[in-house]
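Have a look at the structure below, then the notes.
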Amino acid sequence: MSKISFKNPKLKWLFGGLGFHNSEATMTALMSEKVKNEIILKTFREISPTFSRVFAVYADWSKEAMDAFADYYDETYRKAGTLVYAVPGRMPYITDEDDIDVYCEKVAEKLDYLINVRNCTKIRYYCLTNELSVGNTYAWFKNNMELFKKYNEGLFKALSRHNLDVGIVASDAANEEHFYLNDWVAENMDETTSVYCNHLYSVDTALPPGDLKAYDRYVSGLAPLVKTAHSKEKRFMLGEFGVRTVPNTTLMPMMNDSNFSADHLALQGDFALAFAELAMAAINTGCLATAYWTMFDYPAPLIRENGDTQVEKARYDAVRFSGHGMEIRYNKNGLIRWDDENKDYSSYASLYTLGLMAKFFKKGSRVLKTQWDSEFVRACGVIDEEKRATLALLNWSENEEKAQLSLDFALNKKARLYTFEADNIPFNDFNDLQPYSAVLELNDKNEITLPPKSLILLTTDYEDRIPSKIKGVKVKNGRLCWKECKDSEHVYYRVFKDGVQIASTVALSIPLADKAGKFTVKSVDKWGNQGE
């Protein structure tokens, strides 16, 4: 039997949240009613990640694009209290004629508008450009770091002039070959840098999902970055992370940014565990926060064109301000597919690992000191000021593992238990997270059974309650409609026909193909409780 201990550390640093990169924040013009209400908003609100990274605040952002982003912010980040890290997908190509101060002033003006006019107050961090990219050259700034420093100094001054409490993030470089830039930033840019940041993608074919050396390699890579930040009395965040067994392939001029398991579905359960393992390593190592790339797939690439209608103009902005541009890019790294051509909006297995963890590994919690003695087991945990704790246990073994838990702190309620098994993925037709399967008393000595290749999550972060009953359900003009739920803890609605679920949505109506039958609508609250 393996032993796993969770202890309150002597020095309690705060965790900033496990979340995602939210590319869809600049793609709202591309969403159908179904995609927006039943996929994007519904999934975001159910998970309610408390940290997010997003491509946003371009120097040449149009007011229409900013307002579209702010509208998305109102429907997602504001409701979840999400801390936002904004970064342009890339800067324009730099020429000798460019004025650094003019560029930085444009960025500060955009942030000023979003924060002080549109009240997007949770935009807390900003980086000059994603992965040191400029123009069409990957990581252009890595060979121009003195210029990178000058731009960051200009940005720091511009933010100060506008009295904006937005911390500058640097360097946001990608992968282990660029980790050395973290030391360069610490040595040369500490006065203007609020938080240090790098990305980590496992692309080593020698470390596929389930390789027992992977966790220690993640920790050994991240620990020096965290240590450097701490030496400057700063924090380090993992701005993006992911796992691939092969590097992403590029078929010019089309970019295929795809998780390996997206095209090899028999392996997606293993990959879902590998994503969770990397997140655990980041949490246990001391990262301020971390974001998985990405929460949703991109829809298919488009042709960039402007037009006369509002829809055409909005689509044009969405393509211009979506990373490297949606006209050249596929992205199949999400928790959920976004495939308009085949009308496929189903989930990947990672929804039921990373989505579940992000829901409970929140900003403002304290990371527990965790130890284990089994080569197959990984674990991490957090606890908040109200003694609400969440523990995650991962088992890579092909066999069932018995684990004895040891806690040096008391909890005031029983724990809900959630399970993910790589060979028995809890898919749901409506992309609802898996429900808890048991309620357990957690104390200083618990025995837990870990199924083969599984993730177990135990949490006391919940309330036992029955959400408000939904009233006014009726069929009108070919749609099922109902009255808005006023319950302050409400998140989304589940719709049933003759007792069988037919939809999950944040909307107040859905179209009906068949109006015959008995329809009911039930509220789901932020703890996953379903109403009557």
Side-chain angles (χ1 to χ4, degrees), residues 1-8 18 45-48 272-273 276 280 351-362 365-366 368 370 372 377-395 400-422 424-428 430 432-469 487-492 494 501 504 522-532:
M1 178 180 294
S2 61
K3 295 181 179 179
I4 308 173
S5 67
F6 295 91
K7 297 181 178 180
N8 264 311
L18 168 60
R45 292 184 193 175
E46 180 172 29
I47 295 172
S48 290
L273 289 177
M280 287 176 163
L351 173 66
Y352 307 101
T353 57
L354 283 179
L356 186 69
M357 287 183 67
K359 184 178 180 67
F360 293 105
F361 281 77
K362 301 175 181 177
S365 55
R366 275 76 170 169
L368 298 167
T370 309
W372 56 86
V377 171
R378 312 285 180 259
C380 67
V382 293
I383 191 168
D384 66 16
E385 292 180 345
E386 298 179 17
K387 304 299 182 185
R388 292 177 298 196
T390 298
L391 314 177
L393 315 172
L394 189 152
N395 176 28
E400 184 180 276
E401 285 271 311
K402 299 287 186 179
Q404 184 179 69
L405 305 188
S406 174
L407 285 66
D408 74 344
F409 49 89
L411 299 172
N412 58 5
K413 68 169 68 172
K414 294 181 180 180
R416 287 180 173 179
L417 183 148
Y418 297 82
T419 303
F420 171 89
E421 298 178 53
N424 186 24
I425 301 166
F427 287 119
N428 179 283
F430 312 100
D432 298 348
L433 289 177
Q434 68 267 48
Y436 66 92
S437 57
V439 178
L440 305 176
E441 185 82 51
L442 281 186
N443 49 49
D444 62 343
K445 291 190 183 296
N446 286 92
E447 290 187 8
I448 301 292
T449 299
L450 307 179
K453 291 199 298 184
S454 67
L455 175 73
I456 295 294
L457 188 141
L458 295 158
T459 185
T460 61
D461 185 5
Y462 68 90
E463 296 293 335
D464 270 323
R465 63 190 297 274
I466 300 176
S468 301
K469 188 172 183 178
D487 189 331
S488 62
E489 312 299 351
H490 168 79
V491 173
Y492 69 95
R494 287 182 184 146
Q501 187 176 356
S504 287
K522 300 181 180 182
S523 168
V524 179
D525 69 14
K526 67 180 183 180
W527 294 289
N529 299 309
Q530 178 179 287
E532 297 177 343

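Just so you know, these numbers come straight off a predicted model, no measurement behind them. We're numbering straight along the sequence, starting at 1.
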Spell out, as yes or no, whether a donor-acceptor pair under 3.5 Å connects the side chain of [X] to the backbone of [Y].
{"X": "K387", "Y": "T460", "answer": "no"}
{"X": "E532", "Y": "I466", "answer": "no"}
{"X": "T353", "Y": "A272", "answer": "yes"}

Once rounded to the nearest 0.5 Å, what's the spacing between atom [atom1] of [X] and atom [atom2] of [Y]?
{"X": "F427", "Y": "Y352", "atom1": "CZ", "atom2": "OH", "answer": "6.5 Å"}
{"X": "T419", "Y": "Q434", "atom1": "OG1", "atom2": "CD", "answer": "8.0 Å"}
{"X": "R378", "Y": "N395", "atom1": "CZ", "atom2": "CG", "answer": "9.5 Å"}
{"X": "S523", "Y": "R494", "atom1": "OG", "atom2": "CZ", "answer": "9.5 Å"}
{"X": "L457", "Y": "L356", "atom1": "CG", "atom2": "CG", "answer": "5.0 Å"}
{"X": "S5", "Y": "Q404", "atom1": "OG", "atom2": "CD", "answer": "10.5 Å"}

Compare every heavy atom of [Y] with every heavy atom of [X], then report the nearest pair and how far apart it is.
{"X": "L433", "Y": "K359", "result": "CD1-CD, 3.8 Å"}
{"X": "L394", "Y": "A276", "result": "CD1-CB, 4.1 Å"}
{"X": "A403", "Y": "I4", "result": "CB-CD1, 3.9 Å"}
{"X": "A379", "Y": "M280", "result": "N-SD, 4.2 Å"}
{"X": "T370", "Y": "G381", "result": "OG1-N, 4.0 Å"}
{"X": "R465", "Y": "W527", "result": "CD-CZ3, 3.6 Å"}

Contact between [X] and [Y] at the side-chain level, heavy atoms closer than 4.5 Å - yes or no?
{"X": "F420", "Y": "I425", "value": "yes"}
{"X": "N424", "Y": "S454", "value": "no"}
{"X": "N446", "Y": "L458", "value": "no"}
{"X": "L351", "Y": "I47", "value": "yes"}
{"X": "Q501", "Y": "D432", "value": "yes"}
{"X": "H490", "Y": "R45", "value": "no"}
{"X": "T390", "Y": "V382", "value": "yes"}
{"X": "L391", "Y": "T459", "value": "no"}

Please indicate whether E385 has more than 12 foreign heavy atoms, meaning atoms of other residues, nucleotides or ligands, lying under 6.0 Å from its CD. no
Please say whether more than 12 non-hydrogen atoms of neighbouring residues, nucleotides or ligands are located less than 6.0 Å from NZ in K414. no
May I ask you to decide whether K526 forms a salt bridge with D487, counting only side-chain N to carboxylate O separations under 4.0 Å? no
Any salt bridge between K362 and D461, counting N to O under 4.0 Å? yes
Going through the distances and angles, do R388 and F360 end up as a side-chain contact (heavy atoms from CB on, under 4.5 Å)? CA-CA 10 Å; R388 292 177 298 196; F360 293 105; over 6 Å; no
Stepwise side-chain contact (heavy atoms from CB on, under 4.5 Å) check, F6 with D408: CA-CA 7 Å; F6 295 91; D408 74 344; over 6 Å; no
Going by atom types alone, do [X] and [Y] pair a side-chain donor with an acceptor below 3.5 Å?
{"X": "K402", "Y": "T449", "result": "yes"}
{"X": "Y492", "Y": "E46", "result": "yes"}
{"X": "E489", "Y": "N529", "result": "no"}

Start with the C-alpha distance between L440 and I448, add both sets of side-chain angles, then the distance that settles side-chain contact (heavy atoms from CB on, under 4.5 Å), and finish with yes or no. CA-CA 10 Å; L440 305 176; I448 301 292; 3.8 Å; yes
side-chain contact (heavy atoms from CB on, under 4.5 Å) between V377 and L393: does it pass, once the steps are laid out? CA-CA 7 Å; V377 171; L393 315 172; 5.5 Å; no
